[in-house]
Amino acid sequence: MKRVAILISGGGSNMLALLRDMASGGHPCVPVLVASNDPKAGGLAKAAALGIPTAAVDHRPFGRDRAGFEAALLQPILAAEPDILCLAGFMRILTPEFIRRFEGRMLNIHPSLLPKYPGLHTHQRALEAGDAEAGCTVHEVTAELDAGPVLGQARVPILPGDTAESLAARVLVQEHRLYPAVLRRFAEGQTVPLMLA
Ligand code: GRF
């Protein structure tokens with residue numbers, strides 16, 4: 001069994017999708033920790049309610065001291081001895097030093113069809129570009145933001161009258177399908193990208 005730690009910053013809907021899938025049997029992974037940079041992240045209570053150990057390290061007191069924040073965040077993560085790290089709505093940029101510790105076994109879900117729209121406000125940017133479709137990508141995390149090897153993608157149509165909110169909601173449904181499917185495959189050494197329609 002691969003031990004999985006999940007990092008969140010907010011509500012953790014992707015975290016929940018991963019936890020539910022790991023609990024549904026026949027899964028090569030077991031969740032060992034949910035950690036957040038925000039002690040008030042709604043996902044922490046959801047994880048605790050499912051009996052998953054949680055940890056929170058507020059990044060704000062560290063100010064611009066990214067290394068200091070990451071050293072504190074690493075404590076509970078290393079104590080949980082994860083094999084795989086899943087970033088799920090984690091909104092802090094990690095330093096190359098942190099990433100190097102987990103390179104090759106750290107995943108992230110990004111709400112665009114990478115390499116299009118790395119960074120923020122992805123749905124607004126797709127709408128403004130007049131794209132016909134949008135979607136989400138699960139990729140390996142490397143030092144370059146939102147640019148690691150793609151492990152899976154799911155596509156949705158952009159519909160007339162779509163707003164960033166309506167598009168985000170449509171993509172989020174696919175995120176909750178894609179991330180669990182990719183984690184299962186990744187844990188079994190399958191890295192051929194999974195393309196969901
Ligand atoms: C999602 O759009 C995800 O793609 C992005 O953060 C948003 C919220 O994620 N990374 P969650 O509901 O906290 O999992």
Side-chain angles (χ1 to χ4, degrees), residues 2 4-10 12-15 17-18 29 33-38 41 43 57 59-60 62-74 77-78 82-129 131 133-156 164 167-168 171-172 174-176 178-187 189-196:
K2 298 282 187 192
V4 172
I6 304 173
L7 300 189
I8 64 170
S9 295
S13 72
N14 277 288
M15 169 209 69
L18 293 172
C29 298
L33 179 71
V34 169
S36 180
N37 63 294
D38 180 352
V57 176
H59 69 273
R60 282 162 298 207
F62 294 92
R64 299 167 52 80
D65 176 11
R66 279 188 192 282
F69 162 63
E70 290 179 356
L73 184 64
L74 269 175
I77 292 174
L78 295 180
D83 300 300
I84 298 172
L85 227 51
C86 288
L87 307 184
F90 186 69
M91 303 308 274
R92 304 299 297 165
I93 292 179
L94 294 164
T95 64
E97 290 71 33
F98 183 101
I99 292 168
R100 232 190 310 281
R101 279 178 176 269
F102 298 100
E103 195 141 18
R105 54 198 184 102
M106 179 155 54
L107 309 183
N108 180 48
I109 187 154
H110 180 77
S112 79
L113 294 171
L114 290 173
K116 293 183 85 169
Y117 315 127
L120 298 175
H121 313 302
T122 59
H123 304 304
Q124 194 55 44
R125 290 154 68 191
L127 288 169
E128 283 164 4
D131 292 353
E133 59 178 14
C136 50
T137 302
V138 176
H139 62 93
E140 284 191 45
V141 175
T142 60
E144 189 185 348
L145 184 67
D146 298 333
V150 170
L151 293 170
Q153 290 194 315
R155 317 175 94 80
V156 301
L167 184 51
V171 172
L172 199 59
Q174 297 307 317
E175 293 178 32
H176 299 161
L178 180 68
Y179 212 169
V182 170
L183 176 59
R184 277 178 182 261
R185 292 158 59 92
F186 185 77
Q190 252 274 26
T191 55
V192 172
L194 174 66
M195 295 308 182
L196 297 183

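Side-chain atoms are counted along with the backbone in the values below, which use heavy atoms only and exclude waters and symmetry mates.
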What closest approach, in Å, do Pro111 and Glu175 show between heavy atoms, and which atom pair accounts for it?
CB-OE2, 3.7 Å
Identify the two heavy atoms, one from Arg66 and one from Ile93, that lie closest to each other, and give their separation to 0.1 Å.
NH1-O, 2.9 Å
Determine, stepwise, if the pair Phe90 / Leu85 fulfils side-chain contact (heavy atoms from CB on, under 4.5 Å).
CA-CA 11 Å; Phe90 186 69; Leu85 227 51; over 6 Å; no
Knowing that exactly one of Asn108, Thr137, Val141 qualifies, which makes a side chain to side chain contact (heavy atoms under 4.5 Å, CB included) with Asp146?
Asn108
Could you tell me which residues satisfy side chain to side chain contact (heavy atoms under 4.5 Å, CB included) with Ala147, sequence neighbours excluded, listed by chain and number?
Glu144
Checking the side chain of Arg60 only, and the main-chain atoms of Asn37 only, is there a donor and an acceptor separated by less than 3.5 Å?
no
Strictly distance-based, threshold 3.5 Å: is any side-chain N or O of Arg155 a donor or acceptor partner for the main-chain N or O of Leu113?
no
From Leu7 atom CG to Leu107 atom CG, the distance as rounded to the nearest 0.5 Å
11.0 Å
Using modelled atom types only, decide if a donor and an acceptor are shared between the side chain of Ser36 and the backbone of Ile8 within a distance under 3.5 Å.
yes
Does some side-chain heavy atom of Pro193 sit less than 4.5 Å from a side-chain heavy atom of Leu151?
no
On a heavy-atom basis, the closest approach of Glu70 and Leu94 is OE2-CA, 3.2 Å
What pairs of residues pass the salt bridge (charged side-chain N to carboxylate O under 4.0 Å, His left out) test when at least one of them lies in residues 98-118, not counting sequence neighbours?
Glu97-Arg100, Lys116-Asp131
Could you check whether any side-chain heavy atom of Ile109 comes within less than 4.5 Å of a side-chain heavy atom of Cys86, counting everything from C-beta outward?
no
So which heavy atom on Leu73 is nearest to which on Ile77, and how close?
O-CG1, 3.3 Å
Interatomic distance, CE@Met106 vs NE2@His139, rounded to 0.5 Å, equals 10.0 Å
Heavy-atom side-chain contact between Leu18 and Val4 under 4.5 Å
no
Nearest 0.5 angstrom please: Gln174 CD to Leu196 CG, how far?
7.0 Å
Run the numbers on Glu140 and Phe186 for side-chain contact (heavy atoms from CB on, under 4.5 Å), then give the verdict.
CA-CA 10 Å; Glu140 284 191 45; Phe186 185 77; 4.0 Å; yes
Would Lys2 and Leu183 satisfy side-chain contact (heavy atoms from CB on, under 4.5 Å), going step by step from the backbone distance to the final call?
CA-CA 10 Å; Lys2 298 282 187 192; Leu183 176 59; over 6 Å; no
Determine whether Asn14 and His176 make a side-chain contact, defined as any pair of heavy atoms from C-beta on separated by less than 4.5 Å.
yes
Under 3.5 Å, is there a donor on one side chain and an acceptor on the other for Asp38 and Ser9?
no
Would you name the heavy atoms of Leu114 and His110 that are closest together and state the gap between them?
CD2-CD2, 3.5 Å
Please answer whether the main-chain N or O of Tyr117 pairs with a side-chain N or O of Thr122 as donor and acceptor at a distance below 3.5 Å.
no
Looking only at heavy atoms, which two atoms of Phe98 and Phe102 are closest? And how far apart?
O-CD1, 3.5 Å
